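The block underneath contains the structure these notes are about, expressed in structure tokens.
Quick caveat, the model's predicted, so the values are computed rather than measured.
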Amino acid sequence: MLERATRTIKTAGLLLAAYFVLNIVLRIALPHSLELDEAEQSFFSQYLLAGYGPQPPFYNWMQYAVVSVTGMSIGALIVPKNILLFLCYLFYGLAGREALKDQALAAIGMLALITLPQVSFMAQQDLTHTTALLCASALFLYSFFRTLDRPDIGSYLLLGLATGIGLISKYNFVLMPAAALIAILPDAEWRRRALDWRMLAAIAVALVIILPHAIWLRDNLAFASSDTLVKMAAGNEPAGIARAGKGLIAFVVAIIAFAALPVAIFAATFLRDFVRALSAGNRWTGMMERMMLASLAGIVLIVLFTGSTTVRERWLDPFLLVLPIYFLAKMQAAGIDLSAGLRRLRPVLPVLMACVLIALGLRVVGAGLFGVYSRPNVPMAGLSREMTRQAEPVLVIASDTYIGGNMRLQFPDVPVVIPDFPAPGISAYAEAKGPVLIVWRGKKTATTADAVMPERFSAALAAAGITPQEIGSLSLPYYFGRQGDNFALGYAWVQPGTR
């Protein structure tokens with residue numbers, strides 16, 4: 001049955017659809033306290049802006065549209081993400097069909113994306129903007145390969161759509177179309193695809209998509225790049241060969257961490273055929289090799305130019321996503337009979353799907369065994385109920401987007417703001433027509449001494465001449481936690497006009 005289910009992209013897609021439905025059901029069954037990226041999306045879904053900060057806005061725009069229609073709920077956060085991931089696999093299978101010219105191999109390549117931990121586990125665990133990047137990258141591969149094989153106007157328009165979405169999904173996507181162009185330059189026929197007049201149509205589509213954010217980015221470049229630069233920063237290490245060497249080592253380690261599992265699985269299932277195929281190649285494998293090498297060379301230049309000593313595996317997502325297709329194309333080019341290897345690979349893929357589902361559940365349900373808690377273990381629902389037993393706020397002011405996003409989920413009809421967002425100053429305190437709840441992260445114990453309002457809140461209240469009516473701290477056990485392991489929030493109630 002499984003063999004029949006992996007013979008075509010359509011039937012493999014049905015298997016994947018069932019897998020993502022299970023992911024949705026699992027996440028909804030777990031506590032509804034939000035992951036970091038989920039909370040950020042919950043908070044920002046209140047606003048439709050050209051830019052939100054260090055990340056491009058595509059995912060935020062999508063989330064805003066969904067919440068505007070459905071209202072805020074855990075499903076409104078989880079379902080769109082899983083749809084994007086499903087589309088990533090689907091577009092990847094279509095890309096494999098263009099490169100491999102074989103429905104069965106394309107279906108296997110599509111399912112083999114599960115061997116990439118950044119796609120299978122990390123994206124399900126918390127990532128949002130990276131999920132959009134994965135979908136855009138798979139769509140780009142499909143449209144790019146289709147344009148090389150069937151250069152009609154539809155292919156070019158699809159290429160422009162993928163490029164535009166990718167550029168407003170994650171900034172590192174900019175290397176992908178550049179690497180694709182470099183990859184086709186040695187091939188005279190494919191080089192003509194880049195000089196075709198229809199490329200102007202693709203560029204026009206991409207520009208229309210990115211224009212609103214590009215205008216915003218022009219005036220907010222420092223703000224948008226600040227978070228990335230902090231993550232890449234080299235700390236106090238002096239500039240020089242040692243720092244550059246450390247950055248290059250981090251780059252190599254990231255490549256190994258990204259590629260180790262798919263390489264191991266393909267090597268274990270195809271045995272010596274996989275090793276033999278490494279020396280084989282054709283027009284398509286050569287193009288994919290040049291594309292990956294050009295992308296990775298771009299990362300090296302960025303590492304050396306910025307002095308970075310940090311390279312995270314997920315930064316390589318768009319550049320090494322093609323690996324399963326590439327491996328299959330290499331073995332196909334070698335003329336190897338793949339039937340035995342495919343029989344060994346097929347059962348591995350659903351096992352990996354099951355492992356992902358089990359791992360996602362155990363990291364929450366089994367957290368108390370090790371005393372290491374993920375964010376869904378945080379008792380946000382209970383803390384929110386305790387804080388609001390006496391009154392319902394008309395406005396919530398949170399210390400950060402994590403607290404703000406969780407408060408937004410708990411009080412979907414109440415506006416939530418954080419200091420200086422969406423507007424600077426103290427207007428949020430003074431203009432609310434009713435009780436205002438201020439929330440911040442607390443200590444593990446809930447004593448009177450711990451109920452100390454952060455200075456940025458107390459100073460703003462003092463400047464506005466407003467006296468808090470109540471300041472408190474709450475501490476509750478983690479979901480599935482050990483006795484004594486608590487999470488706490490500090491809170492204050494403010495009534496505008498109270499002096």
Any side-chain heavy atom of Thr131 sitting closer than 4.5 Å to one from Asn82?
no

Under a 4.5 Å cut-off applied to non-hydrogen side-chain atoms, are Pro56 and Tyr171 in contact?
yes

Working to the nearest 0.5 Å, report the span between OG of Ser295 and CE of Met176.
7.0 Å

Given side chain to side chain contact (heavy atoms under 4.5 Å, CB included), test Ser399 with Arg456 step by step and report yes or no.
CA-CA 9 Å; Ser399 57; Arg456 60 177 172 170; 3.6 Å; yes

Looking at every non-hydrogen atom in both residues, tell me the closest pair between Trp216 and Ala50 and how far apart they are.
CB-CB, 3.7 Å

Not counting sequence neighbours, which residues clear ring-ring contact (aromatic ring centres under 6.0 Å, His included) with Phe319? List them please.
none

Using the side-chain contact (heavy atoms from CB on, under 4.5 Å) criterion, which residues pair with Pro31? Sequence neighbours excluded.
Val364, Tyr479, Phe480

Mind listing the closest non-hydrogen atom pair of Ile9 and Met110 along with its distance?
O-CE, 3.4 Å

Test of understanding: with side chain to side chain donor-acceptor pair (under 3.5 Å), list the residues that count as partners of His32, not counting sequence neighbours.
none

Mind listing the closest non-hydrogen atom pair of Trp440 and Met453 along with its distance?
CZ2-CA, 3.6 Å

Under 4.0 Å between a side-chain nitrogen and a carboxylate oxygen: does that hold for Arg363 and Glu35?
yes

For the pair Thr130 (side chain) and Leu127 (backbone), establish whether a donor and an acceptor sit closer than 3.5 Å, ignoring hydrogens and angles.
no

Are any of the side-chain heavy atoms of Val348 and Ile265 separated by less than 4.5 Å?
yes

Are Arg344 and Leu271 packed together at the side-chain level, in the sense that at least one heavy-atom pair is separated by less than 4.5 angstrom?
yes

Looking only at heavy atoms, what is the nearest atom pair of Arg389 and Glu386, with distance?
NH2-OE2, 2.8 Å

For the residue pair Arg27 and Pro376, what are the closest heavy atoms and their distance?
NH2-CG, 4.1 Å

Output yes when a side-chain donor or acceptor of Asp37 lies under 3.5 Å from a complementary backbone atom of Thr128, and no otherwise.
yes

Worked verdict on Trp315 versus Lys170 for side chain to side chain contact (heavy atoms under 4.5 Å, CB included)
CA-CA 9 Å; Trp315 296 353; Lys170 290 280 276 189; 5.6 Å; no

Answer yes or no: is there a donor N or O on one side and an acceptor on the other, between the side chain of Ser384 and the main chain of Gln410, under 3.5 Å?
no

Does some side-chain heavy atom of Val436 sit less than 4.5 Å from a side-chain heavy atom of Pro393?
no

So, do Asn23 and Ile78 sit near enough that their side-chain heavy atoms are less than 4.5 Å apart?
no

Test side chain to side chain contact (heavy atoms under 4.5 Å, CB included) applied to Ser42 and Met72, step by step:
CA-CA 7 Å; Ser42 172; Met72 174 52 63; 3.8 Å; yes

Pair Glu40-Tyr52, side-chain donor/acceptor within less than 3.5 Å:
no

Evaluate the side chain to side chain contact (heavy atoms under 4.5 Å, CB included) criterion for residues Ile255 and Val311: first the C-alpha distance (whole Å), next the side-chain angles of each, then the deciding distance (0.1 Å), finally the verdict.
CA-CA 9 Å; Ile255 293 176; Val311 179; over 6 Å; no

Calculate, to the nearest 0.5 Å, the distance between atoms CG and CZ belonging to Leu345 and Phe327 respectively.
12.0 Å

Is there a donor-acceptor contact under 3.5 Å from the side chain of Gln63 to the main chain of Ala76?
yes

Are Asp400 and Arg441 close enough for a salt bridge, meaning some N to O gap below 4.0 Å?
yes

In the structure I gave you, are the side-chain heavy atoms of Gln41 and Met62 within less than 4.5 Å of one another anywhere?
no

Does the ring centre of Tyr64 sit less than 6.0 Å away from the ring centre of Phe44?
no

Could you state the interatomic distance from CG (Leu105) to CG (Leu328), rounded to the nearest 0.5 Å?
5.5 Å

Set of residues satisfying ring-ring contact (aromatic ring centres under 6.0 Å, His included) with respect to Phe121, sequence neighbours excluded
none

Are the side chains of Leu489 and Ser473 in touch, meaning some heavy atoms are under 4.5 Å apart?
no

When rounded to the nearest 0.5 angstrom, what is the spacing between NZ in Lys81 and OH in Tyr59?
6.0 Å

Closest contact, heavy atoms only, Phe411 versus Thr388
CZ-CG2, 3.5 Å

Would you tabulate the side-chain donor-acceptor contacts of residues 401-409 under 3.5 Å, counting partners in other chains and residues two or more places apart, or write 'none'?
unit_1: Asn406; atom_1: OD1; unit_2: Leu34; atom_2: N; d: 2.9
unit_1: Asn406; atom_1: ND2; unit_2: Tyr402; atom_2: O; d: 2.9
unit_1: Arg408; atom_1: NH1; unit_2: Pro412; atom_2: O; d: 2.9

Ring-ring centroid check Tyr373 Phe487, cutoff 6.0 Å:
no

When rounded to the nearest 0.5 angstrom, what distance separates CG in Leu133 from CZ in Phe140?
12.0 Å

Could you check whether any side-chain N or O of Ser308 sits under 3.5 Å from a backbone N or O of Val303, counting only pairs where one atom can act as donor and the other as acceptor?
no

Between Trp493 and Gly472, is there a donor-acceptor pair closer than 3.5 Å when you use the side chain of the first and the backbone of the second?
no

Just distance, no hydrogens or angles: give the donor-acceptor pairs under 3.5 Å from side chains in residues 84-96, sequence neighbours left out.
unit_1: Tyr92; atom_1: OH; unit_2: Leu321; atom_2: O; d: 2.8
unit_1: Tyr92; atom_1: OH; unit_2: Val322; atom_2: O; d: 3.3
unit_1: Tyr92; atom_1: OH; unit_2: Ile325; atom_2: N; d: 3.1

May I ask you to say whether Asp485 pairs ionically with Arg482, meaning some side-chain N is under 4.0 Å from a carboxylate O?
yes

How long is the straight-line distance from CG of Leu134 back to CG of Leu113, given to the nearest 0.5 Å?
8.5 Å

